Q: 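Sharing a structure here in structure tokens format.
In this text, all values refer to a predicted model and were calculated from it rather than measured experimentally.
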Amino acid sequence: MIKKYLQKIIIFLVLVSVGLFAKAQPFANEIAAFKKQDSLSFPGTGKILFVGSSSFTLWKDVQQYFPEYPIINRGFGGSSLTDLIRYAPDVIFPYDPRQIVIYCGENDFAGDTSLYPSQVAQRFFDLFNLIRSRYKKVPIAYISMKPSPSRQHLMARFNVANVMIKNFIKKKRRTAFIDVYKAMLKENGQPKDEIFLADKLHMNAEGYKIWKKIIEPYLLKD
């Protein structure tokens, strides 16, 4: 009886510890899903890696937009730049990409409105340096944080951080700053409502068409 009782306690403690680990490690389920997907069908190396937050996550048909470019999409919704740093060994390094395209930063501000643009820009600098420590010559492109109707209160911060990241990137070799910000604005400077889903945050197909036109010239062919 005592032995069975102790076994039940051990099982309970293991389950609790697993649950606490999942809570302590945000996006653990998403990362586990990527690993499972890779174990079933590894996408290969030497491709263009799209990594970042939900604007990539929801671009499920991204390969159809760029049929001439082999793309691996490792966007996980809600992620911040600190999450990309944390999970770089899981979502960047396994693929030895020919090019890395990053979209991230919005959620840093949305998750902590006390952050200054310089702090979020520094997070990108840290991510960039981490990638460069592994890949000295792989081109890195950063897509500017986009304006959206639901985050108009953060647009000024996005804009300043975008400028800081752009200035950092232009001093580095094999880099590109891809500016989608201006193309998503109306003449009055407000975001174009018609290119967003009902949540006024994520883009619809019209929004992704704008991105395709701007991004494609920066992608590397074989």
Side-chain angles (χ1 to χ4, degrees), residues 26-34 37 43 48-67 69 71-87 90-92 100-113 115 117 120-121 123-124 127 141-162 165-166 176-216 218-219:
F27 307 107
N29 291 336
E30 288 84 349
I31 301 305
F34 287 144
Q37 183 179 339
I48 298 174
L49 176 66
F50 278 38
V51 64
S53 55
S54 56
S55 291
F56 279 171
T57 310
L58 297 178
W59 206 352
K60 298 184 184 301
D61 58 347
V62 62
Q63 187 64 79
Q64 296 178 32
Y65 281 75
F66 306 106
Y69 304 87
I71 290 172
I72 300 172
N73 188 343
R74 286 297 176 265
F76 49 111
S79 59
S80 65
L81 287 162
T82 53
D83 295 313
L84 294 193
I85 292 170
R86 178 186 296 111
Y87 292 116
D90 304 296
V91 299
I92 299 176
I100 300 169
V101 181
I102 301 167
Y103 183 79
C104 200
E106 275 193 66
N107 293 321
D108 297 68
F109 287 111
D112 184 355
T113 55
L115 286 174
V120 174
R123 291 180 177 185
F124 171 76
L127 174 63
Y142 180 80
I143 299 174
S144 66
M145 285 172 257
K146 73 182 191 304
S148 62
S150 69
R151 290 182 172 172
Q152 290 190 58
H153 61 295
L154 295 173
M155 282 171 51
R157 298 188 192 193
F158 292 169
N159 205 16
V160 173
N162 281 336
I165 293 171
K166 179 179 181 179
F177 181 84
I178 305 176
D179 188 1
V180 298
Y181 192 93
K182 300 180 184 66
M184 299 178 71
L185 298 176
K186 296 184 285 190
E187 290 185 3
N188 64 4
Q190 298 300 306
K192 296 179 178 179
D193 301 276
E194 68 275 12
I195 65 173
F196 289 92
L197 299 173
D199 64 6
K200 301 300 180 182
L201 173 61
H202 300 104
M203 294 179 293
N204 57 30
E206 294 305 310
Y208 284 117
K209 286 179 183 177
I210 293 174
W211 275 33
K212 169 190 163 56
K213 184 177 180 180
I214 297 172
I215 293 171
E216 189 164 15
Y218 292 94
L219 299 183

Q: Which pair of non-hydrogen atoms, one from Val51 and one from Arg74, has the smallest distance, and what is that distance?
A: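 Nearest pair, atom of Val51 first, then Arg74: CG2-O, 3.6 Å.
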Q: Can you see which heavy atom on Phe56 is nearest to which on Gly75, and at what distance?
A: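 Looking at all heavy atoms of both residues, the closest pair is CB-CA, 4.0 Å.
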Q: Heavy-atom distance under 4.5 Å between the side chains of Asn107 and Arg151, does that happen here?
A: yes
Q: Side chains of Tyr65 and Trp59, heavy atoms from C-beta outward: is any pair under 4.5 Å?
A: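 Yes, their side chains come closer than 4.5 Å.
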Q: Do the ring planes of Phe50 and Phe66 sit parallel (below 30°), tilted (30 to 60°) or perpendicular (above 60°)?
A: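 Phe50 and Phe66: tilted rings.
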Q: With a 4.5 Å limit on heavy-atom distance, are the side chains of Lys209 and Glu206 in contact?
A: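 In contact.
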Q: Take Ile31 and Val91, measure what side-chain contact (heavy atoms from CB on, under 4.5 Å) needs, and give me the verdict at the end.
A: CA-CA 8 Å; Ile31 301 305; Val91 299; 3.7 Å; yes
Q: I need the Ile92 CD1 to Ile72 CD1 distance, nearest 0.5 Å.
A: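 Ile92 atom CD1 to Ile72 atom CD1 measures 11.5 Å (nearest 0.5 Å).
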Q: Within this structure, what is the CG-OH distance for the pair Leu127 and Tyr142, rounded to the nearest 0.5 Å?
A: 9.5 Å
Q: Give a yes or no on whether the backbone of Leu201 and the side-chain of Lys146 come within a donor-acceptor separation of less than 3.5 Å.
A: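 Yes; at least one donor-acceptor contact below 3.5 Å.
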Q: Could you check whether atom CD of Glu194 has more than 12 heavy atoms from other residues, nucleotides or ligands sitting under 6.0 Å from it?
A: yes
Q: Short question: side chain of Lys192, backbone of Ala183 - any donor-acceptor pair under 3.5 Å?
A: yes
Q: How long is the gap from NE2 on His153 to OG1 on Thr113, to the nearest 0.5 Å?
A: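 Here the interatomic distance stands at 7.5 Å.
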Q: Please find the pair of heavy atoms, one from Pro149 and one from Lys200, that lie closest to each other, and give the distance.
A: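 Taking Pro149 first and Lys200 second, the nearest heavy atoms are CD-O, 3.2 Å.
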Q: To the nearest 0.5 Å, tell me how far Tyr218 OH sits from Ile48 CD1.
A: 14.5 Å
Q: What is the distance from atom CD of Gln152 to atom CD of Gln190, rounded to the nearest 0.5 Å?
A: 4.5 Å
Q: Would you call the rings of Phe158 and Phe109 parallel, tilted or perpendicular if under 30° counts as parallel and over 60° as perpendicular?
A: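 Answer is tilted, since the angle falls between 30° and 60°.
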Q: Using a cut-off of 6.0 Å, state whether more than 12 heavy atoms not belonging to Lys182 lie near its atom NZ.
A: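 No, because the 6.0 Å sphere around NZ of Lys182 holds 12 heavy atoms or fewer from other groups.
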Q: Kindly say whether the aromatic ring centers of Tyr103 and Trp211 come within a distance under 6.0 Å.
A: yes
Q: So do Pro26 and Arg86 actually touch side chain to side chain, heavy atoms under 4.5 Å?
A: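 In short, these two side chains touch, coming nearer than 4.5 Å.
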Q: Is there a side-chain contact between Met203 and Ile210 in this structure, where contact means two heavy atoms from C-beta onward sitting under 4.5 Å apart?
A: no
Q: Hey, is the main chain of Ser55 close enough, under 3.5 Å, to the side chain of Tyr208 for a donor-acceptor pair?
A: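 Yes, because the side chain of Tyr208 sits within donor-acceptor range (under 3.5 Å) of the backbone of Ser55.
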Q: Closer than 3.5 angstrom, by distance alone: can the side chain of Ser54 be matched with the main-chain N or O of Gly78 as a donor-acceptor pair?
A: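 Between the backbone of Gly78 and the side chain of Ser54 there is no qualifying donor-acceptor contact (under 3.5 Å).
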Q: Locate the shortest heavy-atom distance separating Ala161 from Met145; write the atom from each residue and the value.
A: CB-CE, 3.5 Å
Q: From Ser144 OG over to Lys166 NZ, what is the distance, rounded to the nearest 0.5 angstrom?
A: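 Spacing of OG (Ser144) from NZ (Lys166) equals 9.5 Å.
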Q: Nearest heavy-atom pair of Met155 and Gly189: which atoms, and what distance?
A: CE-O, 3.9 Å
Q: Would you check if the side chain of Asn204 reaches a backbone N or O of Gly207 as a donor-acceptor pair within less than 3.5 Å?
A: yes
Q: Grab the two heavy atoms, one from Phe27 and one from Phe76, that are nearest each other, plus how far apart they are.
A: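 For Phe27 versus Phe76, the nearest heavy atoms are CG-CD1, 3.7 Å.
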Q: Determine whether a donor-acceptor pair (N or O, by modelled atom type, separation under 3.5 Å) exists between the side chain of Arg123 and the backbone of Ile85.
A: no
